[in-house]
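To find a chain, count down the sequence lines: A is the first, B the second, and so on, and within it residues start at 1. The structure displayed is predicted, hence computed values, not measured ones.
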Protein chains: 2
Amino acid sequence: MSERRPRVRVTLREVAEQAGVSMMTVSNVMNGNRARVSPGTIEKVQRIADELGYVPSASARSLATKASRLVGLLVPAADEDSLMISPHTMAIVGLIERELRKYGYHLLLRGVAHPDEVAEALRSWSLDGAILLGFLDEEVGNLTKKTIGAVHVVAIDSYSANRLTTGTRSDDFAGARLAARHLLDLGHRRILFAGPAFSGVGVVHERFEGFGQAFADAGIPHPELVETVNTTYAEGHELGLVLRERHDLTAVFATADILAVGIVHGLTEAGVRVPQDVSVVGFDDLDLCNYVTPKLTTVAQDITRKASTAVSILLDSIEKGERPKRPVTIDVSLVERESTAPVRN
Amino acid sequence: MSERRPRVRVTLREVAEQAGVSMMTVSNVMNGNRARVSPGTIEKVQRIADELGYVPSASARSLATKASRLVGLLVPAADEDSLMISPHTMAIVGLIERELRKYGYHLLLRGVAHPDEVAEALRSWSLDGAILLGFLDEEVGNLTKKTIGAVHVVAIDSYSANRLTTGTRSDDFAGARLAARHLLDLGHRRILFAGPAFSGVGVVHERFEGFGQAFADAGIPHPELVETVNTTYAEGHELGLVLRERHDLTAVFATADILAVGIVHGLTEAGVRVPQDVSVVGFDDLDLCNYVTPKLTTVAQDITRKASTAVSILLDSIEKGERPKRPVTIDVSLVERESTAPVRN
DNA sequence: GTGAAAGCGCTAACAT
DNA sequence: ATGTTAGCGCTTTCAC
């Protein structure tokens with residue numbers, strides 16, 4: 001008379017029937033509500049569940065509880081490109097996954113081609129929360145209560161004033177200031193700022209301001225040496241090739257290591273020696289810095305910290321409804337390697 | 001008398017009520033079952049849904065249909081580490097996400113610390129499918145119908161005979177053979193194979209066999225020059241430092257670019273010139289190869305192809321129940337750069 | 001072309 | 001300590 005149980009999926013009901021208890025009891029056991037069930041029953045239910053290979057259905061649970069233990073990681077992505085163009089972004093993705101897993105959350109990784117997709121991505125899976133990585137401040141700023149609904153959101157590297165997305169970022173201002181001061185201390189005066197186009201708010205803007213601040217600190221007039229380039233090796237390389245023809249300079253601060261490495265190589269190919277003729281400082285402290293020649297002096301971001309802090313802000317927000325009023329700034333430091341040297345007389 | 005609708009979530013029912021039609025009609029409209037609904041109704045329902053900001057609940061749908069349009073990407077991860085240690089792995093993750101999104105699937109990224117977690121990870125979210133990336137052949141081989149249930153699985157870079165996980169991999173044998181032949185053609189004879197420990201099956205084993213094959217092809221006795229090192233820059237560097245003391249060799253084939261770069265640097269620091277004294281060939285063709293000095297000669301894997309093929313195998317399996325009997329092998333090619341040169345007399 | 005009923009697997013809120 | 005009753009939001013029959 002024993003019913004042939006379906007091979008498809010073991011349900012709570014089946015476990016309950018086999019164990020001769022109610023579904024609720026099994027549910028309580030599975031969820032560790034050990035206070036509500038007698039030790040004997042716990043053991044029995046546990047055993048039967050294991051035997052049957054019971055795995056709870058996340059969708060059913062999520063439908064019933066309106067929570068999912070799912071966090072979305074949203075990354076901008078042109079439709080054609082793979083997402084995560086930068087090594088820096090890639091590294092953070094991995095760190096976030098680990099951190100979330102530690103707390104029993106799962107990660108939904110999602111490339112977002114059009115800003116409108118954010119709302120859909122956020123709500124369709126009833127995400128408990130989401131982390132925005134690498135979006136423009138403007139895009140982050142445009143997020144409203146309406147679009148994100150009940151989802152808790154944290155933005156990484158955003159300077160948007162949006163209260164809904166308060167998150168973490170490195171101290172970009174201090175980092176650039178450190179870099180420029182280092183160069184200034186070495187006697188450099190004609191220093192180029194190389195980075196992507198920027199507006200009045202955002203990571204690059206901060207770095208630009210910090211860069212200028214170092215000059216002000218030293219009471220030195222700020223040379224208006226700026227080159228706008230995308231953050232890629234290729235564009236850096238191209239720039240490096242013509243840099244000496246275009247400007248009379250002795251040092252370069254690039255807003256990213258990749259860019260800096262490209263510049264160094266361009267310079268080298270053009271017959272300009274680094275650091276003897278021109279010093280170069282990057283930003284990020286990718287592994288890459290140690291692999292190139294000369295090893296790159298750079299501003300180190302503590303991405304492990306940045307990622308784990310972002311996650312803990314998010315989880316506090318989800319679980320306790322608390323969140324910092326202001327974004328959390330992660331300290332940076334200068335790592336001196338071989339691409340900088342005193343200016344030549 | 002108009003009911004205040006909850007701010008929490010717009011449901012199908014609400015849209016139906018507002019539109020004065022049944023839930024089913026709305027459902028049909030939302031799912032593009034346009035044949036079953038009159039044009040006028042379609043337009044009306046669509047408009048109201050947009051106004052209300054309706055977003056379907058993925059959990060509810062998934063619960064009802066037993067499908068989720070969710071694919072898991074499983075990557076091994078020691079509990080302490082971030083996952084995705086290698087740049088190669090990181091790049092593939094991004095490519096897979098893009099490919100899945102193109103077909104309307106979502107990606108659940110999951111680090112797996114203990115093999116047992118695979119089953120749980122696979123089934124709890126009623127994943128339609130999963131991609132295994134970077135697991136040992138042994139772990140892949142151990143997967144049974146019981147543990148993976150109804151989930152379609154594809155393994156990348158696996159040489160396991162497991163029919164349940166048939167996937168894609170680069171032609172590791174041919175790649176190593178290409179590398180060795182290149183070195184042989186340059187006149188090298190004492191060539192070291194540097195890579196991680198391996199058993200009788202798997203990526204590294206294939207590369208080792210391909211390496212040996214090139215010697216056989218040329219009718220040259222195979223020198224038993226092997227060093228076992230983990231695939232990291234640090235271990236490569238360490239090895240490079242002592243290589244010349246330990247072996248009388250003129251060339252090295254490393255099973256990964258990262259490793260090769262470390263070796264080159266170790267060699268250089270020890271006063272051995274690359275490629276004048278020793279030639280080095282890597283494997284993967286990471287961007288990194290172009291950033292180091294000398295630029296690294298290597299075997300290029302077509303990871304874009306590897307990723308997109310893996311996805312299309314998976315989706316065919318999910319949607320049509322068809323899958324290749326044998327793993328799909330992706331062609332590789334040799335990229336000659338600056339780290340190899342003719343052997344010196 | 002459209003609707004009503006039933007149920008996917010689970011849990012919250014009450015019973016007992 | 002354990003069971004019962006109602007849904008969560010959607011889709012799948014099967015009617016009309």
Side-chain angles (χ1 to χ4, degrees), chain A residues 5-6 8-46 48-49 52-70 123-128 149-150, chain B residues 5-46 49 52-70 123-128 149-150:
Chain A
R5 60 187 157 74
V8 198
R9 188 186 241 292
V10 182
T11 72
L12 211 54
R13 152 173 272 125
E14 295 176 62
V15 178
E17 281 170 1
Q18 298 273 327
V21 297
S22 81
M23 286 173 59
M24 268 322 295
T25 300
V26 180
S27 173
N28 282 327
V29 172
M30 299 316 294
N31 294 18
N33 278 345
R34 330 187 88 247
R36 302 177 159 272
V37 192
S38 78
T41 315
I42 290 186
E43 193 277 327
K44 181 181 187 179
V45 170
Q46 196 62 262
I48 300 207
L52 264 40
Y54 170 71
V55 176
S57 155
S59 6
R61 176 181 287 162
S62 139
L63 184 57
T65 60
K66 288 159 170 304
S68 59
R69 293 200 87 86
L70 237 198
R123 294 162 62 187
S124 83
W125 276 101
S126 7
L127 300 178
D128 287 348
Chain B
R5 59 189 156 74
R7 295 271 81 228
V8 201
R9 189 185 240 293
V10 182
T11 72
L12 211 54
R13 153 173 272 124
E14 294 177 62
V15 178
E17 281 170 2
Q18 297 273 328
V21 298
S22 81
M23 287 173 58
M24 267 324 296
T25 301
V26 180
S27 173
N28 281 327
V29 173
M30 299 315 295
N31 294 17
N33 280 345
R34 331 188 88 249
R36 302 175 159 274
V37 191
S38 76
T41 314
I42 290 187
E43 194 277 328
K44 181 181 188 180
V45 169
Q46 195 62 260
L52 264 40
Y54 170 71
V55 176
S57 155
S59 2
R61 175 179 290 163
S62 143
L63 183 57
T65 61
K66 289 157 170 305
S68 59
R69 293 200 87 84
L70 237 198
R123 293 163 63 188
S124 82
W125 276 101
S126 9
L127 300 179
D128 288 348

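For the pair B:Arg9 and B:Val55, the tightest heavy-atom approach, listed with the atom from each and the gap, is NH1-O, 3.0 Å. Counting all heavy atoms, side chain and backbone alike, A:Ala60 lies closest to B:Leu63 at CB-CD1, 3.7 Å.
With sequence neighbours excluded, the residues satisfying side-chain contact (heavy atoms from CB on, under 4.5 Å) with A:Ser62 are A:Ser68, A:Ser126, B:Ser59. Scanning for side-chain contact (heavy atoms from CB on, under 4.5 Å) contacts around A:Ala150 gives an empty result, with sequence neighbours left out. Looking at residues two or more places apart in sequence or on another chain, you find a side-chain contact (heavy atoms from CB on, under 4.5 Å) between B:Ala16 and B:Met23, B:Val26. For A:Ala19, the side-chain contact (heavy atoms from CB on, under 4.5 Å) criterion is met by A:Val21, A:Val45, A:Ile48, not counting sequence neighbours. Partners of A:Ser22 according to the side-chain hydrogen bond (donor to acceptor under 3.5 Å, both in side chains) rule, which considers only residues two or more places apart in sequence or in another chain, are A:Thr25.
Counting heavy atoms from C-beta outward, A:Leu12 and A:Pro56 have side chains that stay 4.5 Å or more apart. Under the 4.5 Å side-chain criterion, counting only non-hydrogen atoms from C-beta, B:Glu14 is not in contact with B:Tyr54. The shortest distance between side-chain heavy atoms of B:Val15 and B:Leu52 falls below 4.5 Å.
A heavy-atom distance below 4.0 Å to DNA chain D is reached by these residues of residues 24-38 of chain B, ordered by number: B:Met24, B:Ser27, B:Asn31. Shown for residues 55-67 of chain B: residues whose heavy atoms fall under 4.0 angstrom of DNA chain C, namely B:Leu63, B:Ala64, B:Lys66.
With a cutoff of under 4.0 Å to any heavy atom of chain B, the contacted region of DNA chain C is bounded 5' to 3' by C:dG1 to C:dG9. Here the range on DNA chain D touched by chain B, meaning any atom under 4.0 Å from one of its heavy atoms, is D:dG9 to D:dT12.
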So what does the secondary structure string of DNA chain C come out as, 5' to 3', with Watson-Crick or wobble pairs under 3.5 angstrom, [ ] for crossing and | for pairs with another strand?
||||||||||||||||
Only distances under 3.5 Å count here; give the side-chain donor-acceptor pairs of residues 36-43 of chain A to other protein atoms, sequence neighbours excluded, each with its distance to 0.1 Å.
residue : atom : partner : partner atom : Å
A:Ser38 : OG   : A:Thr41 : N            : 3.4
A:Ser38 : OG   : A:Thr41 : OG1          : 2.7

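In terms of modelled atom types and a separation under 3.5 Å, the side chain of B:Arg69 and the main chain of B:Leu127 share no donor-acceptor contact.
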